[in-house]
Structure formats: C-alpha cells, structure tokens
Amino acid sequence: AAGVIQSPRHLIKEKRETATLKCYPIPRHDTVYWYQQGPGQDPQFLISFYEKMQSDKGSIPDRFSAQQFSDYHSELNMSSLELGDSALYFCASSSHQRTSGRAGANVLTFGAGSRLTVL
Amino acid sequence: DAKTTQPPSMDCAEGRAANLPCNHSTISGNEYVYWYRQIHSQGPQYIIHGLKNNETNEMASLIITEDRKSSTLILPHATLRDTAVYYCGRGSGGYQKVTFGIGTKLQVIP
C-alpha cells in the first residue's frame with residue numbers, strides 16, 4: 001500500500017539559509033500534519049491542513065510557513081535557519097471521518113521523515 | 001495542549017507481556033487515546049486507539065480506566081523487535097492533531 005512520501009530524506013543547510021520539505025500524503029487522504037522532533041524529544045506538532053486550508057497551528061516559528069496544494073501534497077518552508085532547527089521533520093496524513101455526526105478517531109500515518117541538519 | 005505522561009523507560013523479558021502505562025488525567029470527553037511506537041528514528045507507527053472501551057487488535061490491547069484518566073498498552077508476548085519508544089497521545093478525532101507525550105523507551109531483553 002502507498003505510504004506517506006517525504007523528500008528529501010536528508011538535508012544539510014547553513015545558518016540563515018532556507019529549506020523546503022515536501023510531503024505527499026496517502027491517496028485520498030485529505031489532511032496533512034507536520035511535526036518536528038528534536039534529539040531525544042517527542043514529536044511536536046507544527047501545523048496541519050485540511051482540504052488545502054490551514055486547520056490548526058502549533059509551535060511553528062514565524063520563520064516557517066507551509067501550504068497544501070490542489071493535489072493535496074504539502075510543503076514546509078523554513079527560512080533564516082538556526083542551529084536549533086536541526087531536527088527530524090515528520091509529515092503525517094489522515095482521512096477525515098465522521099460517524100453518526102461525531103468525529104471518528106483520527107489515525108495518522110507518518111512518513112519516514114526528513115532529517116534537517118543546520119551547520 | 002496538555003500532554004500525556006509516561007515513564008521514560010521500561011524493560012521487559014522476551015516472551016513476557018509488556019504493560020506500558022500512560023496518564024492523561026486532563027483528557028476531555030471527546031478525546032481519543034492513541035498509541036504509536038517509533039523504532040530508531042523512523043516515522044511513528046500507529047498501534048491502537050480507544051475512547052472509552054478496551055480495545056484489542058493484532059498488535060496490542062488497550063485498557064482504559066473507567067474514569068479515562070489513564071490507560072495501559074499491553075503487548076502480550078514481547079519480542080526483540082518490539083524494542084522501541086512508545087508514545088501515548090491524545091486527540092479529538094476528526095481532523096484534529098494528535099498530541100504526544102515524551103514516550104516510554106521499551107527495551108525487550110533476551
């Protein structure tokens with residue numbers, strides 16, 4: 001079965017440079033999530049998009065922006081990179097479901113991640 | 001967002017049941033409990049979820065207390081391949097995010 005595809009898998013940048021990470025969700029999934037995971041940390045939610053509109057925002061720096069395109073893929077743009085931005089960045093996708101008018105459980109499928117190293 | 005709390009590490013003998021606890025005392029009535037695991041630095045892998053009732057699937061069982069303030073993930077017969085960090089998370093369902101705690105590093109010992 002098709003999974004969530006992230007690219008690039010590894011990225012090395014210098015301070016103050018920009019980086020763009022891409023995420024291709026599972027086909028027919030309508031929601032995309034971005035998480036950041038620092039060394040030894042739990043995944044921290046950054047931002048999500050449902051049907052191409054931003055649906056929630058977490059601890060995403062102002063230097064970062066993201067969008068979801070018409071084909072449902074998403075891109076996370078990071079500018080003015082800092083050493084502290086070095087982390088694993090995971091994208092996840094899900095399919096919005098409602099059961100009897102109530103939101104069903106939201107099972108996220110994660111990609112393999114993109115490892116960003118800022119030097 | 002309030003996070004879940006878990007013990008940072010646990011050991012389990014191979015072939016024995018691994019019981020991983022999670023505290024989510026501030027969980028609201030419409031929030032699900034989710035369990036994921038992460039092997040090395042791979043993407044978190046979904047294991048199981050529940051709302052009120054206990055759940056079981058081919059990977060694990062989830063026991064949720066009646067007051068929903070805590071839960072336990074049970075791996076019935078742990079193998080060496082179950083060595084991973086296990087994350088307990090919470091989320092409202094629909095298209096809402098899942099918020100994770102710091103996770104429990106489970107070491108399965110031969």
Side-chain angles (χ1 to χ4, degrees), chain A residues 3-6 9-10 23 25-26 29-60 68 87-99 101-115, chain B residues 1-9 20 22-24 27-53 55 57 59-60 62 64 68 71 84-105:
Chain A
V4 177
I5 307 298
Q6 291 188 244
R9 293 294 313 278
H10 301 274
C23 170
I26 290 174
H29 277 194
D30 52 18
T31 312
V32 170
Y33 309 79
W34 286 97
Y35 285 80
Q36 178 192 57
Q37 186 176 31
Q41 304 293 315
D42 55 288
Q44 296 284 320
F45 170 74
L46 292 178
I47 195 167
S48 62
F49 293 87
Y50 166 59
E51 283 291 345
K52 292 155 279 184
M53 299 288 290
Q54 181 180 309
S55 54
D56 198 358
K57 193 172 181 179
S59 51
I60 184 169
Q68 186 179 32
L88 276 167
Y89 290 83
F90 290 106
C91 173
S93 72
S94 69
S95 176
H96 180 212
Q97 297 180 14
R98 294 190 72 84
T99 303
R102 190 192 73 185
N106 189 24
V107 176
L108 274 58
T109 301
F110 284 82
S114 294
R115 181 178 293 279
Chain B
D1 295 309
K3 289 195 170 186
T4 59
T5 55
Q6 302 172 249
S9 64
L20 292 92
C22 178
N23 181 287
H24 32 80
I27 198 167
S28 59
N30 66 342
E31 284 189 291
Y32 293 82
V33 177
Y34 300 89
W35 283 85
Y36 285 74
R37 73 180 182 184
Q38 187 175 31
I39 298 173
H40 297 301
S41 295
Q42 299 175 20
Q45 176 193 22
Y46 166 77
I47 301 173
I48 199 168
H49 72 272
L51 185 62
K52 297 178 184 177
N53 301 321
E55 303 288 346
N57 63 20
M59 291 182 69
L62 175 60
I64 302 175
R68 302 211 323 123
S71 62
V85 177
Y86 287 77
Y87 291 101
C88 170
R90 52 192 283 184
S92 301
Y95 54 80
Q96 297 302 316
K97 65 183 180 293
V98 175
T99 300
F100 297 99
I102 62 168
T104 296
K105 186 172 184 178

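Letters go in sequence order (proteins before strands), and every chain restarts at 1.
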Query raised in the report: Is there side-chain contact between A/Y35 and B/F100, with at least one heavy-atom pair below 4.5 Å?
Result: yes
Query - Residue A/Q37 versus chain B: region with a heavy atom under 4.5 Å - result: side chain
Query - Interface residue of largest heavy-atom contact number with chain B, from A/T31, A/V107, A/L88, A/V4, under 4.5 Å - result: A/V107
Query raised in the report: Can you tell if the side chain of A/F110 reaches within under 4.5 Å of the side chain of B/Y46, non-hydrogen atoms only?
Result: no
Query - Cation-pi geometry met for B/K97 and A/Y33 (6.0 Å, 45°) - result: no
Query raised in the report: Ignoring hydrogens and geometry, is there a side-chain-to-backbone donor-acceptor pair from B/Y34 to A/N106 under 3.5 Å?
Result: yes
Query raised in the report: Which bit of B/Q45 comes within less than 4.5 Å of chain A, counting heavy atoms only: side chain, backbone, both or neither?
Result: neither
Requested in this report: Could you check if a side-chain atom of A/F90 sits within less than 4.5 angstrom of a side-chain atom of B/Q42, using non-hydrogen atoms only?
Outcome: no
Report task. Heavy atoms only, distances under 4.5 angstrom: which of B/G103, B/P44, B/G43 has the most pairs with chain A? Name it, please. Result -> B/P44
Query raised in the report: Counting heavy atoms not belonging to A/K52, are there more than 12 under 6.0 Å from its NZ?
Result: yes
Report summary line: On a heavy-atom basis, the closest approach of A/D42 and B/Y87 is CB-CE2, 3.6 Å
Requested in this report: Give, as side chain, backbone, both or neither, the part of A/L108 having an atom under 4.5 angstrom from any heavy atom of chain B.
Outcome: both
Report task. Heavy-atom distances under 4.5 Å only: say whether B/Q96 touches chain A with side chain, backbone, both or neither. Result -> both
Requested in this report: Between chain A and each of B/G91, B/G50, B/G101, count heavy-atom pairs under 4.5 Å; write down the option with the most.
Outcome: B/G101
Query raised in the report: For the candidates A/S55, A/P43, A/G113, which exhibits the highest count of non-hydrogen atom pairs separated by less than 4.5 Å from chain B?
Result: A/P43
Query - Rounded distance [0.5 Å steps], OH in B/Y95 versus OG in A/S94 - result: 11.0 Å
